[in-house]
Participant: 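So that we are looking at the same thing, I have put the structure below in structure tokens.
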Number of protein chains: 2
Amino acid sequence: MKQPSSARAATPEPQRKSDITRQAILDSAARAFRLSGYSGARLSDIAAGAGMQAGSLYYHFDSREALVEALMDRGVEQTEAAVRAAIAALPAPASARDRLRAAIETHLLMIVQQEDIASATIKLIWQVPQPIRERALGRQRAYGALWRKLLADARDAGEIRSDLDLSVVRMSIMGALNWAADWYKPGKMTPEAIAADIVAMTLEGLRGPCKGEG
Amino acid sequence: MKQPSSARAATPEPQRKSDITRQAILDSAARAFRLSGYSGARLSDIAAGAGMQAGSLYYHFDSREALVEALMDRGVEQTEAAVRAAIAALPAPASARDRLRAAIETHLLMIVQQEDIASATIKLIWQVPQPIRERALGRQRAYGALWRKLLADARDAGEIRSDLDLSVVRMSIMGALNWAADWYKPGKMTPEAIAADIVAMTLEGLRGPCKGEG
DNA sequence: GTCTATAGTCTGATAGAC
DNA sequence: GTCTATCAGACTATAGAC
């Protein structure tokens, strides 16, 4: 769901005016970058979205690059925090399957609800200057480690056939989830319903469960 | 400098010098746009990749926008043609499952082999100016119709459980395939092996086939 | 068909007033 | 903290030589 206020330690609640403004800038930047790409988004667009002039951005960020890096930082940070929180919030005996399901649902929700920042982060990775990209990829890898563990556990529990390459499985799931940023439109299906279908086809296959289970 | 029009349906073999150069420009543009985004790729980069100066591009294309649109045209065109060809080439009694499998394999091959043009097309859609995007989305929808039919046939044949939304299924498959453009690196696994895993997890589920079948 | 040169535009970033 | 004003640099697109 939304941010479980507890596990949100990484993203402090905006309190000082400076923090509020900074947050507004990042929100505006996420939207602008997502829609126009890294080079296509003008600082004046970003500033306008935050209700200020372009020059004023430099009080909060040293440069365009510093801004985009702060944005991408927050993107992975928020997503990983939400996924970990969702897993931690599962009732006591959570199977590998339960944890994987929770991760899939939560990641998708972050993509389509916190639409701009999560999906902007993903798209920006291949557009930003190389040094920024390197660091961003490093953070993405750290998040990927969480998924590697989830999938390894699921395989050990017999939920994943042993002949599949787990990297391919992982990237396919991420692709299916991240792709939703490009086609999801509020109104038709709820994010929860979409997540349910992706979970079903991922965990049980297109044909459906073979035996009885949840 | 637009295409002469008529029988350009299937990427004619470059014959005249003009065609060869045009092809080189499109190849270079695909790589540049894929790596830097629509606004980030400079015409001088594209020209350099084609072995010429920036100003010379204008003999072949009227503008930056005309160039990117020609590129995106070719991207979907090539992919759809390849998928249709693969399906048509299947041995006589091709089941819905066989056709779907062929489509998945071929689409992935187009993404990771013809790497630049297919994946550039996908990424560019949300970065180009709106009129170009509208037309590109129209062409994508036409290609999507092919997949809708494949999936509808598969469901009618009992290969897909009836409680899944076919749009979600379709977009999840496309996401898993298109995502490979971002992580595939030649050398580790062959594209064929990756395709095989994606086909397996898509058609049979992560847990594996329930009963005996191919 | 391609080159060189340049006109014209846009934008990231800085400086100083308030 | 934000604004206005501005500069320096980069880029698209054009024009004319070859």
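A note on names: the letters A, B, ... follow the listed sequences, proteins ahead of strands, and every chain is numbered from 1. All figures in this text were calculated on a predicted structure; none of them were measured in a lab. Hydrogens, waters and symmetry mates are skipped; everything else that's a heavy atom, side chains included, is used.
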Participant: Would one find a side-chain N or O of Ser18(B) under 4.0 angstrom from OP1 or OP2 of dG1(C)?
Facilitator: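 Checking Ser18(B) against dG1(C): at least one side-chain N or O falls below 4.0 Å of OP1 or OP2.
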Participant: Could you check Leu151(B), Ile198(B), Leu150(B) and say which one makes a side-chain contact (heavy atoms from CB on, under 4.5 Å) with Ile173(B)?
Facilitator: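 Filter result, single survivor: Leu151(B).
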Participant: Give a yes or no on whether a salt bridge exists between Asp182(B) and Lys123(B), defined as a side-chain N under 4.0 angstrom from a carboxylate O.
Facilitator: yes
Participant: dT14(D) P sits how many Å from Phe61(B) CZ, rounded?
Facilitator: 15 Å
Participant: Can you check whether Ile111(B)'s main-chain N or O pairs, donor with acceptor, with Ser119(B)'s side chain at less than 3.5 Å?
Facilitator: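 Answer holds: no.
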Participant: With a 3.5 Å distance limit and no angle check, can you tell me whether Asp45(A) reaches the backbone of Ala41(A) through a side-chain donor-acceptor pair?
Facilitator: no
Participant: Can you sort out the partners of Asp116(A) under salt bridge (charged side-chain N to carboxylate O under 4.0 Å, His left out), two or more places apart, ordered by chain and number?
Facilitator: Arg31(A), Arg34(A)
Participant: I'd like a list of close polar pairs between nucleotides 12-15 of chain C and the protein, N/O only, cut-off under 3.5 Å.
Facilitator:
from    : atom 1 : to       : atom 2 : distance (Å)
dG12(C) : OP1    : Arg64(A) : NH1    : 3.0
dG12(C) : OP2    : Leu43(A) : N      : 3.1
dA13(C) : OP2    : Tyr58(A) : OH     : 2.6
dA13(C) : OP2    : Arg64(A) : N      : 3.0
dA13(C) : O5'    : Tyr58(A) : OH     : 3.0

Participant: Just how far, in rounded Å, is P of dC18(D) from CE of Met52(B)?
Facilitator: 21 Å
Participant: In whole angstrom, give the distance that lies between atom CG of Asp45(B) and atom C1' of dA10(D).
Facilitator: 12 Å
Participant: With a cut-off of 6.0 Å (strictly less than), are more than 12 heavy atoms of other residues, nucleotides or ligands near CG of Asp62(A)?
Facilitator: no
Participant: Please report, rounded to the nearest Å, how far the P atom of dC18(D) is from the OH atom of Tyr59(B).
Facilitator: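 In whole Å, dC18(D) P lies 19 Å from Tyr59(B) OH.
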Participant: What's the CD-P distance between Gln53(A) and dA17(C), to the nearest Å?
Facilitator: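 My rounded result for the distance is 19 Å.
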